Number of protein chains: 2
Amino acid sequence: MARAATTADVFNAIAEPRRREIIGVLVDGKEWAVGDVVKLVRLPQPAVSKHLGVLRRVGVVTVVKRGQHRMYRLNGAELKPVHDWAKTFEKYWTHQISRIKERAEQKAVERIGSALPSEAPDSDK
Amino acid sequence: MARAATTADVFNAIAEPRRREIIGVLVDGKEWAVGDVVKLVRLPQPAVSKHLGVLRRVGVVTVVKRGQHRMYRLNGAELKPVHDWAKTFEKYWTHQISRIKERAEQKAVERIGSALPSEAPDSDK
DNA sequence: ACCATATATTCCCATATAAGAATATGTCAA
DNA sequence: TTGACATATTCTTATATGGGAATATATGGT
């Protein structure tokens, strides 16, 4: 099986940075024509249309035809699952104790890292 | 350009459902041996190792060698960016008004959906 | 009818999966 | 050393990208 489709769920849809960028443009809650988004994100129009298509598929944006324009609007509620999921780990950054513990663990990892050849200074892949 | 690597950032890493499942197992903050994770998520060991590898690459988990086991622990702090990002859209589900507005928009979309042939009842792709 | 504008769609391609199978590596114990 | 156990790595394969280029499909204006 290959990687799940970008339209499989919200998590896959927002994995793409450009898409998060576009969502960032729409965050004001107003309607946005594709062309205006294009100007802001500096991407070719077809690319933006495709990204908006993915976001529409998962329900993160909605479209309304108006004249020759298609107005996109953010449907932020669809992002709630992401927030809820991430919120589960809040304790990891809110509790001071956790931070200290993580630091200690990080050091342990680094120690092992330098000890293991297969654990090279992460030259990334 | 193809899709960004799963190890490109946290957002890409957590896009995979199995990986979120594994993270869910580690959420208790304790150390987990690969074998124990395998039992819980019902996936072949190599698959789990690979997923853990991706999570380690992005820093979401840390590893410590102990005997013949490798103990993985969640480094939840790495998920904060996801939480912060999602939090940006909180207003979309906290404000009553927003909810009403979204409902209206949703209906509009459905209307268009049935009007456009290219907008079929989303038989998914 | 004709043209310009706005947006979507199609085709091609390099790339990266994720799962499965098989195998390698590492470690403990007798 | 040998074997059992734990985990990682390698290979293969089907599949889905995302970008670029080209083109198609509206829609409005004259």
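Bear in mind that the values here come from a model prediction, so they are computed numbers and not experimental data. Here is the naming used below: chain letters follow the sequence lines, and residue numbers restart at 1 for every chain.
Distance B:Arg19 CZ to C:dA16 P: 15 Å, rounded to the nearest Å. Rounded to whole Å, the distance from CD on B:Glu16 to C1' on D:dT17 is 15 Å. Following rounding to the nearest Å, A:Arg56 (CZ) and C:dT7 (C1') show an atom-to-atom distance of 13 Å. Distance, B:Phe11 CZ to D:dT17 C1': 20 Å, rounded to whole Å. For the pair A:Lys65 NZ and C:dT5 P, the interatomic distance rounds to 21 Å; values are reported in whole Å. Here C:dC28 presents its C1' atom at 15 Å from CZ of B:Arg66, a figure rounded to the nearest Å. If you take CE of B:Met1 and P of D:dG18, they are 11 Å apart, rounded to a whole angstrom. As a whole-Å value, the separation of A:Arg70 CZ from D:dG28 P is 12 Å.
In terms of position on DNA chain C, the residue among B:Leu43 and A:His69 whose nearest nucleotide sits closer to the 5' end is A:His69. Nearer the 5' end of DNA chain C, as judged by each residue's closest nucleotide, is the contact made by A:Ala33, out of A:Ala2 and A:Ala33.
Dashed line: the shortest gap from a side-chain N or O of B:Lys50 to OP1 or OP2 of C:dG20 is not under 4.0 Å. Proximity of B:Thr6 to the phosphate of C:dT17: a side-chain N or O atom is located under 4.0 Å from OP1 or OP2. Remark: B:Arg3 is not in phosphate contact with D:dT15, judged by side-chain N or O atoms under 4.0 Å from OP1 or OP2.
Under 4.0 Å is where a charged nitrogen must lie from a carboxylate oxygen, and between A:Lys80 and B:Glu90 no such pair does. Salt bridge annotation for B:Arg20-A:Asp9: present, with a cationic side-chain nitrogen under 4.0 angstrom from a carboxylate oxygen.
Of the possible polar contacts, none joining the B:Asn75 side chain to the B:Val61 backbone as a donor-acceptor pair under 3.5 Å is found.
Checked options B:Phe89, B:Trp93, B:Tyr92; the residue passing with A:His83 is B:Trp93 (criterion: ring pair (Phe, Tyr, Trp, His ring centres under 6.0 Å)). Screening B:Thr62, B:Val64, B:Val63 for a side chain to side chain contact (heavy atoms under 4.5 Å, CB included) involving B:Arg73 leaves a single residue, B:Thr62.
Within 4.0 Å (heavy atoms only), B:Pro44 reaches sugar-phosphate atoms of the nucleic acid but no base atom. Counting non-hydrogen atoms under 4.0 angstrom, B:Ala4 reaches nothing in the nucleic acid.
Cluster annotation: A:Val54 and A:Val41 are assigned to distinct hydrophobic clusters (Ile/Leu/Val/Met/Phe/Trp/Tyr, side-chain heavy-atom contacts under 4.5 Å, transitive).
Listed nucleotides: C:dA14, C:dT9, D:dT9. Nearest to the side chain of A:Ser49: C:dT9. Distance from the side chain of B:Tyr72 is smallest for D:dA8 among the nucleotides D:dT17, D:dA8, D:dA22.
Inter-residue side-chain proximity for A:Tyr72 and A:Val48 is flagged as unmet; no heavy-atom pair is nearer than 4.5 Å.
Over its full length, the helix from C:dA1-D:dT30 to C:dA30-D:dT1 turns its helical axis through 10°, comparing axes from the five pairs at each end and rounding to 10°.
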Note to self: Does A:His51 form a side-chain hydrogen bond (donor to acceptor under 3.5 Å, both in side chains) with A:Arg19? I'd like the steps, not just the answer.
What the structure shows: CA-CA 6 Å; A:His51 284 312; A:Arg19 251 157 358 228; 3.2 Å; yes
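Checked by distance alone, B:Gln45 brings a side-chain donor or acceptor within 3.5 Å of a matching partner on the base of D:dA8. With hydrogens and angles ignored, no donor-acceptor pair under 3.5 angstrom links the side chain of B:Gln68 to the base of C:dC28.
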